[in-house]
Amino acid sequence: MSTTLLAPFALSLDLDSGALEPHTTRIERRLSSLGGAFADDAAFAALVAAGDPLVYAVEQYDVPEETGQLICCTTVIEPGTVGGELYMTKGHFHADRDTGEVYVGLRGRGCLLLATEDGEHAELPMERGTLAYVPPRWAHRTVNTGDVPFAFLAVYPGQAGHDYGAIESKGFPQRVFGTSGGPEVRT
Ligand code: PAN
Ligand code: ZN
């Protein structure tokens, strides 16, 4: 099968906010869509009941999800905590485990959590200008470790796909908490 011949395009990426214009998809993840992700179930339920805050949004200009294409999108994670645990993305493996990804930090501060199926793990601090490489076979999740929205650009192969199931059932080996001394990664 040959790759779809697309017309070239250029988008406007706001390097200060992460806004991508135009975009064809915007996914907003409110806290209720992150059930089981945070350790403190009572704090989670209370925050959902109190208004179900927005945790993060992803903006993307869609291209076909096929080999050879590159998907470009931005993620903006709000600042906040659930029982002291910092706001984060759901986290996933790529369904096609043989695909990596590049993240570029734009705004705020974050931590990229990585884990393999064998339980190896790594943590990469990110800020504006950080280029982080997610190698194939590593699950990845980002955490906002600062006081303002944490924004980053992601570029990954069109055929990658997202496998959320393994993370929903097993979680990551690391959790990141906000403390008076700053963010603390606990394993
Ligand atoms: C990113 C993520 C994005 C949202 O574009 O999809 O940050 O995180 P979740 O997909 O875990 O909710 C990426 O890694 N794409 O492959
Ligand atoms: Zn990914």
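Order of listing sets the numbers, starting from 1, for every ligand and every atom in it.
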Cation over ring face, Arg175 and Phe177, 6.0 Å, 45°:
no

Between Gly18 and Ala151, the two heavy atoms sitting closest are CA-CB, 4.2 Å

Expected contact list for ligand 1 at under 4.0 angstrom, heavy-atom basis, is Tyr56, Val58, Cys73, Thr75, Thr89, Lys90, Gly91, His92, His94, Glu101, Tyr103, His140, Phe152, Ala154, Tyr156, His162, Tyr164

Taking atom types as modelled and ignoring hydrogens, do the side chains of Glu65 and Gln159 form a donor-acceptor contact shorter than 3.5 angstrom?
no

Which protein N, O or S atoms does the Zn ion (ligand 2) have within a distance shorter than 2.8 Å?
His92 NE2, His94 NE2, Glu101 OE1, His140 NE2

Please enumerate all residues that pass ring pair (Phe, Tyr, Trp, His ring centres under 6.0 Å) together with Tyr156, with sequence neighbours excluded.
His94, His162

For the atom pair CG (Leu114) and OG1 (Thr142), what is the distance rounded to the nearest 0.5 Å?
10.0 Å

Counterpart residues, salt bridge (charged side-chain N to carboxylate O under 4.0 Å, His left out), relative to Glu120 (two or more places apart)
none

Between atom OG of Ser33 and atom CG of Asp52, what is the distance when rounded to the nearest 0.5 Å?
7.5 Å

Contact check, side chains of Leu34 and Val55, non-hydrogen atoms, under 4.5 Å:
yes

Any chance the rings of Phe9 and Tyr61 have centres within less than 6.0 Å?
yes

